[in-house]
Amino acid sequence: MSRNRTNQKPMGVVMSHHILNRRFRKAGAAALIAAASAVALTACGSNDSSSDAKGGSSSHASSYAKSSSSDASIHSQAGKQTGKQATAVGSAANKAQATSECQPGTLKGTLDSAGTSQAEMNHRGTFLKVTNTGDETCVISGYAGLALEGAGHTAIKTTTRHGSTYFATDPGTHPITLAPGKSAWADLVWTTTGADTAHAKYLQISPTGSNSHSTVTFSKDLDNGTLSLTAWSPEPPIND
């Protein structure tokens with residue numbers, strides 16, 4: 001009887017061991033679950049980051065490629081447009097150069113009867129002739145500037161009337177293209193009634209009305225220092 005009492009454990013001790021074993025098993029299971037969850041989360045996070053990185057890189061690369069292609073297209077179109085504009089400007093410049101106004105320094109004014117006599121009823125006349133002495137084609141239009149000079153090139157008060165003359169119909173102001181060496185004409189007329197006669201010796205001819213002029217011999221007695229003049233014409237303007 002005494003041996004059996006010695007080997008038998010108290011009931012309280014047995015219960016304590018069972019409770020501790022359960023707690024250890026629960027704690028171990030919880031730890032395993034927590035570890036598994038952490039691994040799963042880490043794996044998910046890693047996968048997500050990789051996906052974002054790849055996706056973002058691909059998106060940026062695609063966007064950059066499209067942008068670069070678009071920029072290249074725009075630059076190409078801009079280059080073509082600039083080339084067209086440059087060509088147009090060049091053509092306009094060449095055209096403008098070919099039809100620019102004649103410069104006074106390239107024009108020479110003279111008197112020319114053109115084989116026609118203009119003398120009738122106290123009216124006398126001749127033609128002004130202007131010649132392009134330059135190397136470029138140019139345009140002239142309008143009326144010449146005139147000024148009478150007396151002996152010793154003294155100035156004479158001069159009145160110039162623009163329009164039709166006694167011998168020619170005024171062609172009106174219009175552009176006349178003069179190639180190098182080509183000429184234009186205007187009819188010049190005055191009267192000789194003896195009224196307040198001006199004794200001219202020279203005539204200043206300014207083809208474009210500027211200060212640049214040619215001075216020619218013009219030994220004429222004319223009334224009041226008055227001249228009648230038509231506009232420039234490609235042919236000597238004379239009434240039939």
Side-chain angles (χ1 to χ4, degrees), residues 100-136 138-240:
S100 61
E101 293 184 0
C102 295
Q103 299 302 307
T106 65
L107 299 174
K108 181 180 180 180
T110 58
L111 297 177
D112 186 0
S113 67
T116 300
S117 175
Q118 297 187 63
E120 186 178 333
M121 298 291 292
N122 295 322
H123 289 82
R124 303 290 184 268
T126 189
F127 295 109
L128 297 184
K129 181 181 179 180
V130 62
T131 303
N132 178 10
T133 62
D135 298 327
E136 301 291 339
C138 60
V139 172
I140 189 172
S141 63
Y143 299 86
L146 301 174
L148 294 168
E149 293 181 354
H153 294 280
T154 56
I156 295 177
K157 182 181 178 181
T158 307
T159 301
T160 304
R161 295 174 179 171
H162 295 162
S164 297
T165 68
Y166 186 84
F167 301 103
T169 300
D170 184 26
T173 299
H174 62 287
I176 302 169
T177 301
L178 294 181
K182 296 300 181 180
S183 302
W185 285 262
D187 194 40
L188 175 65
V189 175
W190 60 95
T191 60
T192 57
T193 64
D196 197 12
T197 301
H199 304 285
K201 294 297 181 181
Y202 305 96
L203 177 66
Q204 295 180 8
I205 305 172
S206 175
T208 62
S210 67
N211 290 329
S212 179
H213 62 270
S214 302
T215 302
V216 298
T217 300
F218 189 72
S219 297
K220 308 293 180 182
D221 293 335
L222 61 159
D223 296 338
N224 306 306
T226 300
L227 300 167
S228 295
L229 182 69
T230 65
W232 291 116
S233 174
E235 301 292 339
I238 190 71
N239 293 338
D240 295 332

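Counting all heavy atoms, side chain and backbone alike, G172 lies closest to A231 at O-CB, 3.5 Å. Taking both residues in full, the closest heavy atoms of S141 and T173 are given as CB-CG2, 4.3 Å, listed atom of the first, atom of the second, then distance.
The NZ atom of K182 lies 10.5 Å from the OG1 atom of T131; values are rounded to the nearest 0.5 Å. We find the CG-CZ distance between D223 and R124 to be 10.5 Å, quoted to the nearest 0.5 Å. Here the CD1 atom belonging to I140 is positioned 5.5 Å from the SG atom belonging to C102, to the nearest 0.5 angstrom. Distance check, rounded to the nearest 0.5 Å: OG of S233 to CG of L128 gives 12.5 Å. Rounded to the nearest 0.5 angstrom, T158 OG1 and N224 CG are separated by 11.5 Å. Taken from OG in S183 to NZ in K129, the straight-line distance is 4.5 Å, to the nearest 0.5 Å.
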List the steps, then state whether side chain to side chain contact (heavy atoms under 4.5 Å, CB included) holds for T192 with K220.
CA-CA 9 Å; T192 57; K220 308 293 180 182; over 6 Å; no
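Side chains of T126 and D112 form no contact here, defined as non-hydrogen atoms less than 4.5 Å apart. Under the 4.5 Å side-chain criterion, counting only non-hydrogen atoms from C-beta, D187 is in contact with V189.
With sequence neighbours left out, the side chain to side chain donor-acceptor pair (under 3.5 Å) criterion links N132 to no other residue. Residues forming a ring-ring contact (aromatic ring centres under 6.0 Å, His included) with W232 (at least two apart in sequence, or on another chain): none. Scanning for side chain to side chain donor-acceptor pair (under 3.5 Å) contacts around N239 gives T169, with sequence neighbours left out. P234 meets the side-chain contact (heavy atoms from CB on, under 4.5 Å) test with H174, I176; sequence neighbours excluded. Looking at residues two or more places apart in sequence or on another chain, you find a ring-ring contact (aromatic ring centres under 6.0 Å, His included) between H123 and Y166.
Judged by distance alone, the side chain of Q103 and the main-chain N or O of E101 form a donor-acceptor pair under 3.5 Å. Counting only distance, with no hydrogens or angles, the side chain of T133 and the backbone of T106 share a donor-acceptor pair below 3.5 Å.
By the 30° and 60° cut-offs, the orientation of the rings of F218 relative to W190 is perpendicular.
Just one residue in the list T160, L227, T230 forms a side chain to side chain contact (heavy atoms under 4.5 Å, CB included) with L188, and that residue is L227.
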Between side-chain atoms of residues 196-208 and protein atoms elsewhere (two or more places apart, or another chain), which donor-acceptor pairs fall under 3.5 Å?
| from | atom 1 | to | atom 2 | distance (Å) |
| --- | --- | --- | --- | --- |
| T197 | OG1 | G194 | O | 3.4 |
| H199 | ND1 | D221 | OD1 | 2.8 |
| Q204 | NE2 | E149 | OE2 | 2.4 |
| S206 | OG | G209 | N | 3.2 |
| S206 | OG | S210 | N | 2.9 |
| S206 | OG | S210 | O | 2.5 |
| S206 | OG | S212 | O | 3.1 |
| T208 | OG1 | S210 | OG | 3.3 |

